[in-house]
Structures are given as C-alpha cells and as structure tokens.
Amino acid sequence: MWELIQSLFLQGIDIFFHLDTYLNLWAGSMGPWLYALLFLIVFCETGLVVTPFLPGDSLLFAIGALAAIEGSPLKLPVLWVLLPLACIMGDTTNYFIGNKLGPKVFSAEKSLLLNKKHLLRAQTFYEKYGTKTIIIARFVPIIRTFAPFVAGIGSMRYNRFIGFSVFGCLLWIFSFTLGGYVFGNQPWVKSQFHYVVVAIIVISVLPVVFETVKGYRQAKIKAKVAAGISDIT
C-alpha cells in the first residue's frame, strides 16, 4: 500500500514539473476531451477546499503554450470561454460550501486535506485586503482555494462576491494562458520548462511568505512590549 502511495506521489510530482510533456501526450490520446479534463481540474482547484494542491498557474501557462502549437486540439478562444466558466462555478460552489458548513469542518489542526492553518491563513489574507482578496488571492496558490470559502463564512453578500470572482477568474486565466501562448514555445522555455514551473510557484507564494514573516515579526514586537509592561508593573 505504501509503495503504491509513494509511486502515485512521485508520478504526481513528475506530471507537475513536466506539464508541457504530459499535456502533449494527453492531447494526442484524448483530443477534444482534453477540454473536459481541464475544466474539471480548474473547477476542483477553485471549488473544493480538499484539492488546493492541484496545479493552477503553471497548468494555465502550459495550456497556453500547447494552444500555440499548429494543429493542437486546444484553441485559445475556446479555453477563454470554458476555463473562466469552470473557475466561476468553482468559486460559487466554494462560497456556498463555506456559507453552509463554515469553519466547523476544519476541526483538525494537522489534517492533510482539511488543514485549519490554511483556513486561518486565508482569513488573515482576507482581513488585510478585504473584498479585493477574491481578486488578489486568485494569483496565490492555496489562498485562492480558501478565499471563496472564507467569503462564504463571512457576511459578504453573494451578488458582491460574484462580481469580484468573475473579474478575478477572467484576469487569472487570460493572463497565464496568454503568457504561455506567447512565450511557452520559446526554445529556452521549452528546454527549461521545469525551472519555469518552479519560478511561477515561487513568485506566486511570495505574498504568503512576506505576510507570514511580517506577522511573525509583529507578534514578537507585541510580545516584547507586553513583557516590558509586565516588568514595569
């Protein structure tokens, strides 16, 4: 059993860092049905709080690169209709899951899938950026999966949420697929695609890292101030 899990994990890592290669293989075997697979991945990545690990930014970039190849079964105009729809539907699903279930589903501190720390991180992000979080978080892995859930928990009305969701989904999908379409087939990008994936991931998570470090420093300062006041009294 453990060997099977390990094998699946390693295969998942290989797919993640060689999305361009696997997408080409899937395109050859699935043809137009690849649209359905991509729709499902984007929907799950944005709509289900148990799948924040699915590829997002790097997948969109690789899709754009594949669409630029002559004879590809993927066409950019079709992607620009289907994938925003999958994203918006995912956001809506996530919003109402949060609205109905709330934080009670995140009772485990160290759960692999329902990790309470992910929820708290999204809440902190939401408190800092307010309703704009629905747009900003679109470009931050994990946070983009939990932001609609947190919006559903809070008092944000759906008709206000959906406006930010539509704009954020369009901006996210258009920018990364167009980037892949323009740059993805450059020789230096194709030969070093795994490094491009790493760069996309690093850039995407920098806001979370900065906020975490900033929060840690502020907590230390508050602790020192509180300790100083305690010594004086």
Side-chain angles (χ1 to χ4, degrees), residues 12-13 16-17 19 38 41-64 83-84 86-95 97-98 103 105-106 111-154 156 160-180 183 194-219:
I13 293 294
F16 189 80
F17 285 107
L19 277 169
L38 297 175
I41 292 173
V42 172
F43 173 82
C44 291
E45 205 261 350
T46 57
L48 304 177
V49 291
V50 296
T51 54
F53 52 83
L54 289 174
D57 305 338
S58 54
L59 176 65
L60 295 178
F61 186 89
I63 290 169
L83 298 188
C87 179
I88 294 165
M89 289 175 62
D91 270 7
T92 297
T93 301
N94 215 344
Y95 174 92
I97 290 174
V105 300
F106 285 82
S111 171
L112 180 62
L113 296 178
L114 300 176
N115 196 318
K116 189 176 181 180
K117 291 181 180 179
H118 293 164
L119 176 62
L120 296 175
R121 190 176 295 126
Q123 287 177 326
T124 301
F125 203 86
Y126 200 95
E127 288 170 4
K128 179 174 178 62
Y129 295 106
T131 51
K132 295 189 294 294
T133 296
I134 305 302
I135 297 174
I136 298 171
R138 183 63 52 200
F139 297 87
V140 184
I142 297 180
I143 297 295
R144 70 168 151 260
T145 305
F146 284 82
F149 186 88
V150 174
I153 293 174
M156 188 177 186
R160 181 171 174 78
F161 164 83
I162 195 62
F164 285 100
S165 173
V166 170
F167 182 77
C169 286
L170 291 173
L171 183 63
W172 178 51
I173 289 169
F174 284 7
S175 60
F176 276 100
T177 53
L178 186 59
F183 300 108
H194 53 293
Y195 289 121
V196 174
V197 170
V198 172
I200 290 173
I201 295 171
V202 170
I203 294 171
S204 299
V205 300
L206 280 178
V208 177
V209 174
F210 289 151
E211 289 301 319
T212 301
V213 172
K214 183 179 178 181
Y216 176 74
R217 288 178 176 175
Q218 289 178 342

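Just so we're clear, the structure is a prediction, and the values are computed from it rather than from any experiment.
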What's the spacing between Phe176 CZ and Asp57 CG if we round to 0.5 Å? 3.5 Å
Rounded at 0.5 Å granularity, tell me how far SG in Cys169 sits from CE in Met89. 11.5 Å
Distance col, row Ile173:CD1 vs Ile63:CD1, nearest 0.5 angstrom, shows 8.5 Å
List the residues meeting side chain to side chain donor-acceptor pair (under 3.5 Å) with Thr93, not counting sequence neighbours, and say none if there are none. none
Holding to side-chain contact (heavy atoms from CB on, under 4.5 Å), I want the full list of residues that pass it with Leu170, two or more places apart in sequence or in another chain. Pro84, Val166, Phe174
Considering residues at least two apart in sequence or located in another chain, which fulfil the ring pair (Phe, Tyr, Trp, His ring centres under 6.0 Å) criterion with Phe43? none
Could you measure the distance from the CG atom of Leu59 to the OG1 atom of Thr177? Nearest 0.5 Å is fine. 10.5 Å
Please report the shortest heavy-atom distance between Ile134 and Ala151, naming the atom on each side. CD1-CB, 4.1 Å
Roughly how far, to the nearest 0.5 Å, is CG of Leu171 from CD1 of Ile136? 11.0 Å
Which pair of non-hydrogen atoms, one from Arg138 and one from Arg144, has the smallest distance, and what is that distance? O-NH1, 2.8 Å
List for me each residue that meets side chain to side chain donor-acceptor pair (under 3.5 Å) alongside Thr145, sequence neighbours excluded, and say none if there are none. none
Quick check: closest heavy atoms across Gly98 and Ile153, and the distance to 0.1 Å? O-CG1, 3.5 Å
Just wondering, do Phe161 and Asp91 contact through their side chains at under 4.5 Å, heavy atoms? yes
Distance-only, no hydrogens or angles: does the Asn94 side chain make a donor-acceptor pair with backbone N or O of Thr46 under 3.5 Å? yes
Does Ser165 reach the side chain of Tyr95, with side-chain heavy atoms less than 4.5 Å apart? no
